[in-house]
Structure formats: structure tokens, C-alpha cells
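Chain identifiers are assigned alphabetically (A, B, ...) following the order of the sequence lines, protein sequences preceding nucleic acid strands; residue numbering begins at 1 within each chain.
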Protein chains: 2
Amino acid sequence: MAKPVIRSYSRYAREAAELLGHMIRTARTERALTVADVAERAGTSRGLVHRIEKGDMGCSIGAAFEVAAIVGVRLFEAEPATLTRHLAMSRDTLSLLPKAVRAGTKAVKDDF
Amino acid sequence: MAKPVIRSYSRYAREAAELLGHMIRTARTERALTVADVAERAGTSRGLVHRIEKGDMGCSIGAAFEVAAIVGVRLFEAEPATLTRHLAMSRDTLSLLPKAVRAGTKAVKDDF
DNA sequence: ACGATATGATCTATAAATGGATCATAAATA
DNA sequence: TATTTATGATCCATTTATAGATCATATCGT
């Protein structure tokens, strides 16, 4: 009884996915790798890599990020070591935040 | 006859997903939004938002990016307008690249 | 221009993600 | 501390993503 997945995406989300796909394709091409090459390295199929490069919203974030890593796209503009460090910091930050949010603050804060 | 999805992810990909999840949770908490609130706004379920915040590799990139957009996480460190501009540029860049890669270059270029 | 090959698309069966409900626990506020 | 509520986890039914094969076309190298 699962509802169909998200029907409408925000423009921001759609463009972000498309941009990621473009970055992957650009990086792959620069490295002279074929779609099939990348797919094999990632342990996925040619079709999936293709969909990722098109910015398909349905593909898994794991597959997309893995392919990005393989062709050398820097996620969050961070090198591997940097990313690891940022992650460590974010873990600390999280531990300082409240573990649960009280909905009482009904004044929705979407002023960003 | 589909092979089980990618069995092993690279550390980089895994950490990127986890970091994104952390950023989402941090942003959500700062805006005093409940998991249920965000799920409703995204048109998804509470469980999915939860998995996204944990950095689950299996959730769709569409859902993850949508939730990120809702809580105000900047993907690729870009504001909406900036992202749109970058995307436009990337489209041009892509049109300049070769449309197909010749595997002949068997000297794999993974020196990055 | 020709031949070889990468890309893009479509189809089917299967694996996996998701929604929705439910339960237990943790955590926030009065 | 008590009470209320958010969170985290699990289960099942259903939708959806994915692999793999195949075909048509575009594109590259010669």
C-alpha cells in the first residue's frame, strides 16, 4: 500500500541532481572512461550510470555517490581526507544539538 | 534476474552520504522542524526522512535532495539562483565535450 | 565514407525501496 | 517527576528501481 514516490520535486532538488549528473559525465569524459567502464567499476549496470548522468531522481544516492567517487567528482567540494574530517566534526556538532524537536514552536521557521 | 544492488561502497561515497544526512539533521533541528513535519512537506514518510538523515545509501537521490532543499541545506554550496546558473554553464560545457568516449585509450586514467 | 563501438532507449524478471501502521524508548517541558 | 511527544525500529504490502539483454542510432577513428 505504498504511495507512489514523491510526485513533485522542487526546482532546487531537480537542478542539483542534474548538475551532479553533468559533473559526473564531464569527469568521466575527461578521464576517457566509457559508461560501461564506470558501470563495471561501480558494480552496477550501464543503464544505471546513464540514468545517474541524466540526473534521474529515482536512482539511489549510494549508486550516484559511488559513481561520482569513481570518476573523481568531489562531493561537497571536499577531498577524501577533508570529507572524513568534516564528517568527524559533524558528528560532534550533532551530539550537541537537542535529540528531539518540540513541535510546540508552531511558528514555522522557513525564513531562509 | 537483477543482481543485488552494489554490495560495497567506497569510503568516500559512504561518508558523503552520512555527511549529507548530518547536515540535514542539523538544519532541521536548527529550524525546529520535526521529522514528521519534514516528511509531510516532502510528501514522503517519516521513516524515509529518518533513513536519509542516517546516510542510508539505498534511498533515492530525489528524496534526499528534496529533503535537503526543504530544510535549507545548500547542495554544492550553492544558493538556488547560483545552482541554476551553474547548471546552465554545465550544459554548455557538456555540449563542448566529445559525445562518446573511445575505449581505445586502454591506459586507464585513475590518477586523481 | 566506412567500419567499429559507444550511447540511448526499451522490455522483462527480480530485487529493493517506500508507505503506513505499530511498538518501544528517549527526551523535552510543565 | 510526570506527561507528552519525538524518535528509532520493525513488519508487511505495494510500488519502484535495477540488471541484463537487445535494438537503433550517433559518433568516433581510420
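- Rounding to whole angstrom units, CG of residue A:Leu33 and C1' of C:dT7 are separated by 15 Å.
- Where B:Thr34 and A:Ser45 meet DNA chain D, the nucleotide closest to each residue was compared, and B:Thr34 sits on the side nearer the 5' end.
- In this structure, A:Ile6 atom CD1 and C:dA17 atom P are separated by 16 Å, rounded to whole Å.
- Using bins of under 30°, 30° to 60° and over 60° for the plane-to-plane angle, the ring pair B:Phe65/B:Phe76 lands in the perpendicular bin.
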Sub-3.5 Å pairs of nitrogen or oxygen atoms, protein against nucleotides 9-11 of chain C:
from, atom 1, to, atom 2, distance (Å)
C:dA9, N6, A:Arg46, NH2, 3.3

Pull out every protein N or O sitting under 3.5 Å from an N or O of nucleotides 24-30 of chain C, one pair per line with the distance.
from, atom 1, to, atom 2, distance (Å)
C:dA28, OP1, A:Lys99, N, 2.9

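- Rounded to whole angstrom, the span from the CG atom of B:Asp56 across to the C1' atom of D:dT10 amounts to 14 Å.
- When the nearest nucleotides of DNA chain D are assigned to B:Glu53 and A:Leu48 by heavy-atom distance, the more 5′-ward of the two goes with B:Glu53.
- Between A:Val101 and B:Leu33 the shortest side-chain heavy-atom distance does not fall below 4.5 Å.
- Rounded to the nearest 0.5 angstrom, A:Lys54 NZ and A:Cys59 SG are separated by 10.5 Å.
- Side-chain contact check for A:Ile52 versus A:Leu20: every heavy-atom pair is 4.5 Å or farther apart.
- Rounding to whole angstrom units, CZ of residue B:Arg51 and P of D:dT7 are separated by 17 Å.
- The side chain of A:Arg7 places no N or O atom within less than 4.0 Å of a non-bridging phosphate oxygen (OP1 or OP2) of D:dT15.
- Listed for the B:Tyr12 side chain is no donor-acceptor partner under 3.5 Å among the backbone atoms of A:Leu83.
- The interatomic distance linking A:Asp37 (CG) with C:dT5 (P) rounds to 13 Å, in whole Å.
- Two residues are said to be in side-chain contact when any heavy atoms from C-beta on lie closer than 4.5 Å; A:Thr84 and B:Arg11 meet this criterion.
- Computed from coordinates, the A:Ile61 CD1 to D:dA17 P distance equals 15 Å when rounded to whole Å.
- Whole-Å rounding puts the B:Ile52 CD1 to C:dA17 P distance at 13 Å.
- Two residues are said to be in side-chain contact when any heavy atoms from C-beta on lie closer than 4.5 Å; B:Arg91 and A:Glu18 meet this criterion.
- The nearest whole Å value for the distance from the CZ atom in B:Arg25 to the P atom in D:dA6 is 14 Å.
- Across every non-hydrogen atom of A:Asp56 and B:Ile61, the tightest pair is O-CG2, 3.6 Å.
- With rounding to the nearest 0.5 Å, the separation of CE in B:Met23 from NE2 in A:His86 is 10.0 Å.
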